[in-house]
Amino acid sequence: MSELDDLKFAMLSDEDLATIRMLEKKLGPTIRLVAVESKMVLYAVEAKMGPNLWQRVDAVYPEIKNVKAYYNELEAAKEAKGWLKGFLLNNTLSPKPKKRPIRIREVVNTESAD
């Protein structure tokens, strides 16, 4: 996500902070977790990897530069999906990335109270 205006820091309890510190300890000294709440709905563009298995398009197609998986607006997500489908059909990359079904999933933050 490039627009930090759509994020706010999460208000966490002491128990939640302790859980985060425990996870950071497990992940190692170079990893820090940040807790944020989304003020709005996000739209995830995902590629189908198998039955009931979907992954973010930026993880599935790392060879495609500047492909994003999350968008703040549905229209932007639809444009990105259309562009990606067209690119996968007409690209000249070697080896050619496998074309997979692509969907847009609405990610709703039900915890946020604005």
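Residue numbers run from 1 in the order of the sequence given. Scope of the values below: all heavy atoms of this structure, side chains included, with no hydrogens, waters or symmetry mates.
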Quick one: does Ile64's side chain get under 4.5 Å of Val57's, heavy atoms only? no
Rounded to the nearest 0.5 Å, how far does CG of Leu84 lie from CD of Glu79? 13.5 Å
For Met22, does the CE atom have more than 12 heavy-atom neighbours from other residues, nucleotides or ligands under 6.0 Å away? yes
Under the side-chain contact (heavy atoms from CB on, under 4.5 Å) rule, collect the residues that match up with Arg103, sequence neighbours excluded. Glu46, Trp54, Arg105
Going from CG on Leu53 to NZ on Lys48, what distance comes out if it is rounded to the nearest 0.5 angstrom? 9.5 Å
Pairs in or reaching into residues 50-63: which pass salt bridge (Lys or Arg N to Asp or Glu O under 4.0 Å), with residues at least two apart or in two chains? Arg56-Asp58
Please report the closest heavy-atom contact between Val107 and Ala44, naming both atoms and the distance. CG2-CB, 4.1 Å
Are Val45 and Tyr71 close enough that some pair of their side-chain heavy atoms sits under 4.5 Å apart? yes
Which residues satisfy the salt bridge (Lys or Arg N to Asp or Glu O under 4.0 Å) test with Asp16, sequence neighbours excluded? none
If a pair satisfies side-chain hydrogen bond (donor to acceptor under 3.5 Å, both in side chains) and one of its residues is in residues 80-101, list it, with sequence neighbours excluded. none
If you link ILVMFWY side chains whenever their heavy atoms are less than 4.5 Å apart, which other residues fall into the same cluster as Ile31? By chain and number, please. Leu12, Leu17, Ile20, Leu23, Leu27, Leu33
Checking Gln55 now: which residues fulfil side-chain contact (heavy atoms from CB on, under 4.5 Å) with it, not counting sequence neighbours? Met49, Val60
Return the OH to CD1 distance between Tyr43 and Ile104, rounded to the nearest 0.5 Å. 9.5 Å
Taking the side chain as C-beta and beyond, is there a heavy-atom pair between Val67 and Phe87 under 4.5 Å? no
I need the Leu74 CG to Leu42 CG distance, nearest 0.5 Å. 12.0 Å
